[in-house]
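All remarks here apply to the structure that follows.
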Amino acid sequence: MTATTSTHTPPASLLHTPVIGWFEQHARDLPWRRPEAGAWGVMVSEFMLQQTPVNRVLPVYEQWLARWPRPADLAAEAPGEAVRAWGRLGYPRRALRLHGAAQAITERHGGDVPSEHAQLLALPGIGEYTAAAVASFAYGQRHAVLDTNVRRVFARAATGIQYPPNATTAAERKLARALLPEEDDRAAAWAAATMELGALVCTAKNEDCSRCPIASRCAWLLAGKPAHQGPARRGQTYAGTDRQVRGRLLAVLRDSVAPVSQAALDAVWDEPVQRARALDGLVADGLVEPLSNGLYRLPLT
């Protein structure tokens with residue numbers, strides 16, 4: 001069944017003031033929101049926060065910025081060191097992409113994270129979301145920033161459905177642009193505020209409508225909170241998957257300064273076919289470098 005836009009959809013101007021006002025009172029004090037974080041701190045946080053909760057990101061983020069306070073500091077190190085420092089955040093290819101972006105920033109932009117959206121988008125590992133987020137949060141520009149939390153807020157408040165589609169659609173992007181305030185600074189505040197609202201109040205489960213600043217204007221709430229009728233939402237499993245095996249193998253390599261033997265890797269997972277497939281995947285992704293005599297290490301180049 002295809003969801004249609006609710007007739008209750010409120011004018012964008014009626015949403016801006018209450019949501020931004022709520023954010024000014026209730027926003028979490030996160031290090032990447034502080035002025036001293038700068039554009040590099042914002043970029044690092046955006047890479048780390050993809051599919052990873054704030055409480056897991058915070059300690060790794062602090063250690064990362066202490067070690068590599070500027071892109072050039074990270075670019076000067078081997079990519080394997082980025083993978084090592086990534087620790088157990090998951091999806092470690094993000095570490096390689098962030099290292100590649102740091103190298104490009106150093107080579108193309110004199111070590112300063114560019115402020116123009118097109119230049120951000122041209123960096124390796126940077127997609128539409130990250131470019132918009134950095135331009136908005138670091139430089140106060142007017143861009144539609146659509147992460148999972150924002151998409152859920154818009155789906156409910158403006159479209160009247162419980163959950164957004166599994167993948168971002170053209171209709172969602174059009175709606176996000178239509179909801180943007182005209183002024184740059186207010187648009188940037190709106191982007192941060194809607195993201196925080198989705199993270200703290202309009203959550204995927206057990207949403208707290210009593211705390212929502214736009215509950216009286218929410219199309220989904222006004223429609224009686226109809227249950228989700230679109231495709232089943234993707235659940236994430238981990239135990240027993242190739243992702244878990246990859247994580248076990250990478251943990252051995254992160255914990256060793258010297259190259260690691262095949263036997264040491266074999267010891268962390270009993271099933272040989274899955275273990276070999278996971279290791280081959282890590283090599284193909286550039287996360288592990290095979291050496292002679294059956295040794296492996298994190299990548300140096």
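Everything numeric here is computed off the predicted structure, so don't read it as measured data. Reckoned from all heavy atoms, side chains included, excluding hydrogens, waters and symmetry mates.
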4.5 Å side-chain heavy-atom contact, Val113 and Pro71: yes

Quick one: pull up CG in Leu98 and CD in Gln103 and give me the separation to the nearest 0.5 Å. 10.5 Å

State the SG-CZ distance between Cys209 and Arg156, to the nearest 0.5 angstrom. 7.5 Å

Tell me whether Arg211 contacts the main-chain N or O of Val201 through its side chain, where contact means a donor paired with an acceptor under 3.5 Å. no

With salt bridge (charged side-chain N to carboxylate O under 4.0 Å, His left out) as the test, pick out the partner of Glu172 among Arg151, Arg177, Arg152. Arg151

If you compare all heavy atoms of Leu58 against all heavy atoms of Pro31, which two are closest, and at what distance to 0.1 Å? CD2-CD, 3.5 Å

Using a 3.5 Å distance criterion without hydrogens, assess whether the side chain of Arg277 forms a donor-acceptor pair with backbone atoms of Asp242. no

Beyond-backbone contact of Tyr91 with Gln50, side-chain heavy atoms, under 4.5 angstrom: no

Take atom CG in Asp270; do more than 12 heavy atoms of anything else shown fall under 6.0 Å from it? no

Shortest non-hydrogen pair, Tyr163 vs Ala155, comes out as C-CB, 4.0 Å

Please determine which of Val83, Leu89, Leu49 meets the side-chain contact (heavy atoms from CB on, under 4.5 Å) test together with Arg94. Leu89

Quick check: closest heavy atoms across Ala278 and Val245, and the distance to 0.1 Å? CB-CG1, 3.6 Å

So do Trp22 and Ile214 actually touch side chain to side chain, heavy atoms under 4.5 Å? no

Would you say Met43 and Leu120 make side-chain contact, with heavy atoms under 4.5 Å? yes

Between OG1 of Thr52 and CZ of Phe47, what distance do you get to the nearest 0.5 Å? 13.0 Å

Got Val288 and Pro299 here, is their nearest side-chain heavy-atom distance under 4.5 Å? no

Over all atoms of both residues, closest heavy-atom pair of Ile105 and Pro114: CG1-CD, 4.2 Å

Main chain of Ser115, side chain of Gln141: is a donor-acceptor contact present, judged purely on distance under 3.5 Å? yes

Minimum heavy-atom distance Pro92-Leu287, with the two atoms named: O-CD2, 3.7 Å

Between Glu271 (side chain) and Gln274 (backbone), is there a donor-acceptor pair under 3.5 Å? yes

4.5 Å side-chain heavy-atom contact, Glu182 and Arg142: yes

Counting heavy atoms not belonging to Arg88, are there more than 12 under 6.0 Å from its CZ? no

Please check: side-chain N/O of Arg217 versus main-chain N/O of Ala157, any donor-acceptor pairing under 3.5 Å? no

If you take all heavy atoms of Leu179 and Ala12, which pair is closest and at what distance? CD2-CB, 3.7 Å

4.5 Å side-chain heavy-atom contact, Phe154 and Pro164: no

Identify whether the distance between the nearest side-chain nitrogen and carboxylate oxygen of Arg70 and Asp112 falls below 4.0 Å. yes

Please answer whether the main-chain N or O of Gly127 pairs with a side-chain N or O of Thr130 as donor and acceptor at a distance below 3.5 Å. no

Considering only heavy atoms from C-beta outward, does the side chain of Trp269 approach that of Gln244 to under 4.5 Å? yes

Applying the 4.5 Å side-chain criterion to the ILVMFWY set and letting contacts propagate, would Leu250 and Val60 be lumped into a single cluster? no

Does Asn149 offer a backbone N or O that forms a donor-acceptor pair with the side chain of Asp147 under 3.5 Å? yes

Determine, for Glu77 against Arg67, whether the closest basic-nitrogen to carboxylate-oxygen distance falls under 4.0 angstrom. yes

What's the verdict on side-chain contact (heavy atoms from CB on, under 4.5 Å) for Phe23 and Leu197, showing C-alpha distance, side-chain angles and the deciding distance? CA-CA 8 Å; Phe23 180 71; Leu197 186 64; over 6 Å; no

Whether the side chain of Trp86 engages the backbone of Gly90 through a donor-acceptor N/O pair (distance < 3.5 Å, no angle test) should be reported. yes

Side-chain (Thr203) to main-chain (Leu200) donor-acceptor, under 3.5 angstrom: no

When you measure from the side chain of Glu196 to the backbone N and O of Ala192, does any donor-acceptor pair fall under 3.5 Å? no

